[in-house]
Amino acid sequence: MQKYSGFGLFKHSLTHHENWQRVWRNPTPKKKYDVIIIGGGGHGLATAYYLAKEHGITNVAVLEKGHLGGGNACRNTTIVRSNYLWDESAALYEHSMQLWEGLAQELNYNVMFSQRGVYHTCHTLQDMRSNERLVAANRLQGIDNEMVDAEQLQKEIPSLDCSKNARYPIMGASVQRRAGNARHDAVAWGYARAADALGVDLIQSCEVIDMEISDGKITGVKTKQYGVLKADRVGCVVAGNSGVLAKMAGFELPVESHPLQALVSEPIKPFLDTVVMSNHVHGYMSQSDKGDLVIGAGIDGWVGYGQRGSYGIIEHTIQAIVEMFPCTSRVRMNRQWGGIVDACPDASPIISETPIKNLFFNCGWGTGGFKGTPGSGNLFAHTLADGKPHPIAEPFSIQRFHTGALIDEHGAAGVAH
Amino acid sequence: MLHIYCPHCGEYREEEEFHCAGQAHIARPLEPEACSDQEWGEYLFFRKNPRGLHHELWVHAAGCRKFFNMTRDTQSYEIKEVYKIGEQPSVVAE
């Protein structure tokens, strides 16, 4: 792998940047792999990278039906935080957060991780109580999270309407200062490049159409382009399409796929140097380095695979944003899109064994999977290497929907982001 | 935005008036006490989630407040038919 550096940039400028090495190979798949990962998004690529790096398993293929990082990895609004309520989730998301903190150096790829803080505004007494509870829980878990009152909040975010005149006046907010955002595409590309360098085959335009299962055990997958590819173990990391793949394997998941939208405005001068979310008026916003406002919306309440959502949702979201930031009322929106999120009934993911032996699923990240990318990949790689889950991933088994040990994060998951 | 025909009101109305209550035709086990954890978990949480035809339960929340069923394509979002509770669909998902 060609190492990226300031000196390298200078050196290549002398040859007009025409001699850069290809970022990853474009291999023809082998007939047999130790591990096949279905889904070349952020989570799948991270899984492949950690399999090769931490477990020394390099005979691995990532099968992607489109192009790498072309699904939710390039559609999300890039928020990273770890202030969840329950110990199980706090451990999971904090594991991820700590990987985020060293990720750019580790991958030698600038993922533009910016710890600019994430605020959750409170508009009612109930909001205040639940956020104070969250802050207290996080303190006990050793995760930074603090409350600020409306006066302090107004000082920290001048453009936010903290006055008494708002329709739902802001009473305070919780803030995780280590939280922030990152460049979504760079995360997928960085993992892809690093995984490829360790010998992982990244197979693009390769759609899985069936699974080879005999005696309740998976032996390979059938692809549209390359026929049957054999594997000892198969990991499914396909977000919105998890239900489709589970159906191929002959079981159902406690997951439903919904369209989730986001939108960005025209680029404007910098005025917001952090991320603000409101569960109550239901919207959130940050400003990208390019200057556009990145705005998130809620999900459509019905099952949908169309990668687009309803206009009604956009209207509600914009109402919430203008309510919080009246100065944005005349900003024009540039683009709007949808991604398909796989939501679990308890708003926590599934990193688990399945009824089929040697077939594993990593899904159900719902509306907040981006922040989990490094942690998810790291833990799922452990599951695929050992055949049994890492202690942090153990509570996130599919079995919890039978035992009743749900990890209810609807409060901390909050507005879909 | 879906344009939905309410079989009770006999009119097309905008999606905003409705609320989707999830997969249709899920019968509550007659004897919940007799269910194993496996069966009860499946009844509560496990869903079809198809990419294609899907039978759903909807409620006309800001209208007549009555429930009805809908067969809808989850990829094209085309509504194939609506039918009342207790009726069976004429367009059947696989």
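- Using a 4.5 Å cut-off between heavy atoms, A:Ile314 makes no contact with chain B at all.
- Interface remark: of the candidates A:Pro345, A:Gly240, A:Gly404, A:Pro345 forms the most heavy-atom pairs closer than 4.5 Å to chain B.
- A:Ile398 places none of its side-chain heavy atoms less than 4.5 Å from the side chain of B:Phe45.
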Any donor-acceptor pairs between chain A and chain B, under 3.5 Å? If so, list them.
residue : atom : partner  : partner atom : Å
B:Glu15 : OE1  : A:Ser310 : OG           : 3.2
B:Glu15 : OE2  : A:Trp302 : NE1          : 2.8
B:Glu15 : OE2  : A:Ser310 : OG           : 3.4
B:Arg47 : N    : A:Leu253 : O            : 3.3
B:Asn49 : O    : A:Tyr305 : OH           : 2.7
B:Asn49 : OD1  : A:Ser257 : N            : 2.9
B:Asn49 : OD1  : A:Tyr305 : OH           : 3.4
B:Asn49 : ND2  : A:Val255 : O            : 3.3
B:Asn49 : ND2  : A:Ser257 : OG           : 3.1
B:Arg51 : NH1  : A:Asn241 : OD1          : 2.5
B:Arg72 : NH2  : A:Val303 : O            : 2.5
B:Thr74 : O    : A:Tyr305 : N            : 2.7
B:Ser76 : O    : A:Arg308 : NH2          : 3.4
B:Tyr77 : OH   : A:Gly306 : N            : 3.0
B:Tyr77 : OH   : A:Arg308 : O            : 3.1

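- Note on A:Leu253, A:Ile340, A:Val244: by heavy-atom pairs under 4.5 Å with chain B, the leading option is A:Leu253.
- Closest non-hydrogen pair, A:Gly301 versus B:Cys20, comes out as O-CB, 4.0 Å.
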